[in-house]
Amino acid sequence: MTTAEADVLIVGGGMGGVAAALAALRRGRTVLLTEETDWLGGQLTSQGVPPDEHPWIEQFGATRSYRKLRDAIRDHYRRWYPLTAEALAVADLNPGQGTVSRLCHEPRVAAAVLAAMVGPYVAAGRLAIRYLHRPVAAEADGDRVTSVTFAGPDDELFHARAPYVLDATELGDVLELAGIEHVTGFESAAETGEPSAPAQAQPDNMQAFSWVFAVEHRAGEDHTIDRPDQYGFWREYRPPFWPGPLLGLLSPDPRTLAPVQRTFVPNASSGPVVADQSLGPGDEDLWVFRRIVSRVLFRPGFAASDVTIVNWPMIDYLPGPLIGVSDDERAKHLEGARSQALSMLYWLQTEAPRPDGGTGWAGLRLRPDVMGSADGLAKAPYIRESRRIRARRTIVEHDLSLAVRGERGAVAYPDSVGIGMYRIDLHPSTGGDNYIDVASCPFQIPLGALLPVRVRNVLAAGKNLGTTHITNGCYRLHPVEWNVGEASGALAAYCLENDVEPAQVHEDPAVLERFQKELVADGFELAWPRVRGY
């Protein structure tokens with residue numbers, strides 16, 4: 001077994017993990033970063049999901065480094081793609097002209113940009129990245145985690161040690177392996193006091209995960225895949241709260257739960273696109289919703305088709321969670337999600353209604369190159385909910401619910417280390433719940449939510465911070481996860497530089513103020529201007 005050491009060990013190379021690494025590296029620290037896939041970026045890249053963001057993202061509401069990421073993605077298209085003169089002139093270029101975000105782009109482009117952002121530190125020998133490594137064990141000495149063991153591509157073991165360990169995994173794996181107090185699923189209303197919480201805790205009831213994919217459409221060609229083995233099951237599958245078969249275009253409006261008939265017409269002219277989720281979910285036209293390549297932005301003849309990401313309610317996997325189950329059960333659910341995704345594609349190719357009265361879009365073709373995979377599905381499942389630390393500060397629904405807080409805005413946290421905004425957006429769950437989609441106020445990220453109640457040298461650096469099942473719904477999105485990770489990386493570096501521990505930074509107002517001033521100088525926004533939620 002080989003062993004490596006660094007100032008900071010970051011387990012998981014998703015949005016939070018990369019941001020944490022960059023923050024620690026900017027402060028002169030050495031970092032060891034591990035990642036289960038061969039791409040950095042998590043939900044933005046290997047999981048194939050364009051960024052879900054608030055409508056003010058072009059003006060404020062994110063860290064400086066997150067803005068650099070967004071700018072670099074746009075610059076990549078301007079430098080290397082044959083954009084039209086009109087597209088080149090657009091400051092806030094949206095390469096896919098999707099409605100989910102003002103920056104819909106290919107996962108592989110973001111992966112290339114993130115690799116470029118960390119590249120100088122790799123060259124300098126200050127950042128080591130272990131791709132294709134997953135954590136399998138952790139050792140602790142009292143209230144400190146001393147090491148984490150990883151399994152590599154051939155199940156060879158690798159041992160890592162660091163004064164600070166940041167859990168940026170998609171499912172909060174270090175929490176489980178190291179015996180760190182955490183929670184899963186729904187907390188009870190008796191525990192949290194939240195208006196949307198159930199009377200009894202439901203630890204096995206979690207948001208669905210999804211296995212997304214990218215497609216284009218070649219008219220006149222037939223790219224129909226083989227009928228998936230489980231297609232019969234998925235073709236008949238209908239959750240009790242769903243208005244029709246799950247494989248279809250009829251699904252609930254997330255905010256009202258009223259049945260809404262979606263449209264799906266490949267390469268239809270969409271006209272001007274408005275990407276503003278404060279006005280509505282933007283998912284009525286499924287082709288345009290998560291479109292990541294819009295052929296009209298490129299010189300004539302360059303792109304024969306748009307490319308769109310299928311990350312829709314119809315592929316939310318409901319039969320079971322990935323947390324708290326046996327390895328065999330987990331493998332069954334992962335394979336089931338892949339089968340569900342391919343069944344949705346097969347239905348689109350063979351049975352989906354067309355405007356001309358026919359059925360099926362046989363010209364739909366998977367794009368493995370876009371996803372960086374062999375089969376066209378994302379490298380990894382899209383994870384919405386993680387294990388969550390029992391934190392020094394737990395964020396609850398009534399801290400930020402617009403219905404509860406109104407014009408007062410979200411609760412102000414004196415230990416703010418960043419800000420974010422998204423509706424409390426909970427997808428249907430493994431326990432049989434429909435959407436919970438609640439208006440929220442622009443909110444802060446409290447430092448106490450990154451700190452476990454007991455363990456002294458582990459920090460949450462992703463979706464595993466101290467939210468509840470309910471508030472996870474608005475803290476799980478791209479810019480917030482980035483800010484959480486970046487704050488944790490900065491905190492670890494600050495503690496090493498000043499010979500203090502995270503709990504001291506949190507508890508001592510003078511130390512906290514010095515840390516917050518450092519964050520502001522580094523481009524963090526700790527409070528919102530006066531804007532109303534949605």
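Both backbone and side-chain heavy atoms feed into the values below; hydrogens, waters and symmetry mates do not.
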For this session: For the pair Asp38 (side chain) and Tyr131 (backbone), establish whether a donor and an acceptor sit closer than 3.5 Å, ignoring hydrogens and angles.
Result: no

Problem set entry | Any donor-acceptor N/O pair, Arg291 side chain to Gln97 backbone, under 3.5 Å | yes

Problem set entry | Pairing of Arg387 and Asp173 as salt bridge, 4.0 angstrom limit | yes

Exercise. Between atom CG of Leu40 and atom CD of Glu35, what is the distance when rounded to the nearest 0.5 Å?
Worked result: 6.5 Å

For this session: Drop me the distance from Gln47's CD to Asn311's CG, to the nearest 0.5 angstrom.
Result: 10.0 Å

Exercise. Between Arg330, Met206, Lys463, Glu385, which is the residue that forms a side-chain contact (heavy atoms from CB on, under 4.5 Å) with Leu171?
Worked result: Arg330

Problem set entry | Check ion pair Asp92-Arg102 (N to O, under 4.0 angstrom) | no

Exercise. Between the side chain of Arg367 and the main-chain N/O of Val215, is any donor-acceptor distance below 3.5 Å?
Worked result: no

For this session: Test the Arg130-Phe150 pair against the cation-pi criterion, namely NZ or CZ under 6.0 angstrom from the six-membered ring centroid and within 45° of the ring axis.
Result: no

For this session: Test Trp312 against every option in Phe264, Phe213, Trp287, Tyr382 by the ring pair (Phe, Tyr, Trp, His ring centres under 6.0 Å) rule and name the one that passes.
Result: Phe264

For this session: Please check if any side-chain donor atom of Ser440 sits under 3.5 Å from a side-chain acceptor atom of Arg405, or the reverse.
Result: no

Exercise. Ile445 and Tyr475: which non-hydrogen atoms are nearest, and at how many Å?
Worked result: CG1-CE2, 4.0 Å

Exercise. Within a reach of under 6.0 Å around CD of Glu221, are more than 12 heavy atoms found that belong to other residues, nucleotides or ligands?
Worked result: yes

Exercise. Ignoring hydrogens and geometry, is there a side-chain-to-backbone donor-acceptor pair from Ser386 to Arg388 under 3.5 Å?
Worked result: no

